[in-house]
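Data first, discussion second: the structure below is written as structure tokens.
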Amino acid sequence: MSLAASALEGNRLALSRLLSQVENGSTEGREALSELFQHTGQAHLVGVTGASGTGKSSLVNQLALFYRHPPAGEKPRRVAVVAVDPSSPFSGGAFLGDRVRMRDLAGDPGIFIRSMASRGSLGGLANATAGFVQVLDAAGFEIILVETVGAGQDEVDIARLAHTTIVVEAPGLGDDIQAIKAGILEIADILVINKADRPGVENTERALRNMLELAHPVSHPTTHHGQTDSIAASTPPPADQQAWIPPILRTVALEGTGIQELGKALEAHAQHLKRSGDWQRRERLRLESELETLIQVSLVARWRENVSDQVYQDVLTKIVSRSLSPLEAAEALLNGRNNRY
Amino acid sequence: MSEKKIRVIMAKPGLDGHDRGAKVVARALRDAGMEVIYTGLRQTPEMIAEAALQEDVDVIGLSILSGAHMSLVPRVVELLKANEQDHVMVFVGGIIPDDDIPRLKELGVAGIYGPGTLTEDIIRDIRGAVLGR
């Protein structure tokens, strides 16, 4: 039986080996992804991102526990965790430490945790993370929590991968100027201020709230020349057109404080996406970006096959000696005029 | 696409809290280009075997300074077998009396590294065991 078939039947060793094949880009891994693709599209993909030290892993630990032990009357859900940590740019090695914070999840067959090195990818995920998510989705995990590398400002790939992106902040990391900058805060569907028992939490929340109100002005009834103008308030847009305003939640992950509320917000966001049609739109964008990546990778690989290393190195030498510009060189190499250089 | 990386779990089974050795070795293996999954302190053999399964590792490093190695190591090896992961190389570091070494080797432990071991030796042994097979 193929690894993919065994993984679909719930064999955890097969699932684990399959993930390695996908990570290493092997033929078996690629074939399995195609075989499994028809079984994907069921899971709620949740991204967890934020600067290092904000408590992402501890929060993921608590969220997984929440889904496994939900409030009375709700069904526990199967949870997969993909935790990405950076690879060394020098040795290519990695120290993957996210499991240290997830020890509460040991021994539960409804949970599968996999650590992943970024292997040179710069957007906060690894190149194979999208493939991992597909495999875990097909294997029947209902919630997939993807924890990015400690992300500063611009590591926003997770927003394309996930249905719901949680951006984790902590008190004392930056002022309102940081909150206005473009990038990571813009991709938040839910903002979490973790370590909310620390001093400065009010300032952090105020900065984030101000930033959000610039993006989503609240429609207060206003008076205009003495007449109350409350049109916006009296005729709210229909439910399927209402914009999602990211909630700001306070948590203390080490104590489990605020996790129920975060769970509720995640569910509310999933409902919102489905009601508004954004679920489908995001799926489309996600698959489009995946398709484009695949095309780019295979175009480059195909082109590289037709250019000898010698020609490539010769052109590079010409660039270094300033007798050819990088733009001219790229043009020439792509047009197959290798012989001229 | 990307080549195969050696994946290692560094774990501290049992109750002692001395993790400096484990961290030094983890760091050395990282610098040797391996992907090291660090699980932290006070792991049960069951937790370590479960992590090894989910992470599809090639190597498990166990750091034990409590003296409980003769109960912890056999249990880890047994669980690996039960999970069909007999191919995983197991090495042990820490304070291991010479008298216990033959029994551990019999169990299939590939290397036993006490204080003063050069990290280069551990790296060489791992590469030999994983890439050589």
Side-chain angles (χ1 to χ4, degrees), chain A residues 3 11-27 29-30 57 80-83 85-88 90-109 111-121 126-128 131 136 294 297-298 300-301, chain B residues 1-13 17 19 22-61 79-88 119 123 126-127 130:
Chain A
L3 283 181
N11 181 326
R12 289 161 79 83
L13 181 61
L15 173 61
S16 181
R17 289 194 173 148
L18 180 53
L19 291 174
S20 303
Q21 299 290 342
V22 168
E23 187 167 35
N24 294 327
S26 73
T27 313
R30 294 156 68 100
S57 301
V81 174
V82 179
D85 265 335
S87 293
S88 158
F90 303 110
S91 72
F95 183 90
L96 312 175
D98 291 325
R99 286 189 91 97
V100 175
R101 324 284 173 200
M102 300 181 193
R103 48 185 303 137
D104 298 339
L105 309 181
D108 181 346
I111 290 182
F112 194 97
I113 308 169
R114 181 66 172 237
S115 315
M116 202 178 191
S118 64
R119 298 196 179 177
S121 172
N127 285 329
L136 293 163
L294 287 172
V297 169
S298 75
V300 169
Chain B
M1 310 253 331
S2 39
E3 82 281 34
K4 164 95 179 102
K5 291 260 177 209
I6 297 178
R7 284 170 72 83
V8 185
I9 280 190
M10 279 302 297
K12 285 237 10 119
D19 59 357
K23 284 177 176 159
V24 167
V25 174
R27 169 72 200 266
L29 300 184
R30 184 202 89 176
D31 289 344
M34 302 179 197
E35 293 182 350
V36 185
I37 297 129
Y38 187 66
T39 62
L41 293 171
R42 287 180 277 281
Q43 300 278 304
T44 64
E46 285 74 14
M47 291 161 93
I48 294 166
E50 184 187 31
L53 180 84
Q54 294 177 350
E55 301 286 358
D56 189 24
V57 291
D58 309 292
V59 181
I60 298 183
L79 289 166
L80 284 176
K81 285 212 176 88
N83 287 345
E84 297 173 58
Q85 282 197 301
D86 333 41
H87 66 281
V88 173
T119 52
I123 292 164
I126 291 178
R127 285 196 178 134
V130 175

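Just so it is clear, the model here is predicted, and its values are computed rather than measured.
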Exercise. Can you say whether B:Glu55 sits under 4.5 Å from chain A via the side chain, the backbone, both, or neither, judging by heavy atoms?
Worked result: both
For this session: Mark yes when over 12 heavy atoms from residues, nucleotides or ligands other than B:Glu84 sit less than 6.0 Å from its CD; otherwise mark no.
Result: no
Seminar exercise, completed: Under 4.5 Å to a heavy atom of chain A? For B:Arg7 that would be side chain
Exercise. Distance from B:Gln43 atom CD to A:Arg99 atom CZ, nearest 0.5 Å?
Worked result: 8.5 Å
Problem set entry | Atom pair CD1 (B:Ile37) and OG (A:Ser115), whose distance is rounded to the nearest 0.5 Å | 5.0 Å
Problem set entry | Contact origin within A:Asp108 toward chain B - heavy atom pairs under 4.5 Å | backbone
Exercise. Side chain of A:Ser91, backbone of B:Arg30: donor and acceptor closer than 3.5 Å?
Worked result: yes
Seminar exercise, completed: Here the gap from A:Phe95 atom CZ to B:Met10 atom CE, rounded to the nearest 0.5 Å, amounts to 9.0 Å
Problem set entry | Contact class of A:Leu18 relative to chain B, heavy atoms under 4.5 angstrom | neither
Seminar exercise, completed: Here the gap from A:Met102 atom CE to B:Met47 atom CE, rounded to the nearest 0.5 Å, amounts to 13.0 Å
Seminar exercise, completed: For B:Leu53 and A:Leu13 the tightest heavy-atom approach is CD1-CD1, 3.5 Å
For this session: Identify whether the distance between the nearest side-chain nitrogen and carboxylate oxygen of A:Arg119 and B:Glu35 falls below 4.0 Å.
Result: yes
Exercise. Is the backbone of B:Gln54 close enough, under 3.5 Å, to the side chain of A:Arg114 for a donor and an acceptor to pair up by distance?
Worked result: yes
Exercise. Backbone N or O of B:Leu41 within a donor-acceptor pair of the A:Arg103 side chain at under 3.5 Å?
Worked result: yes
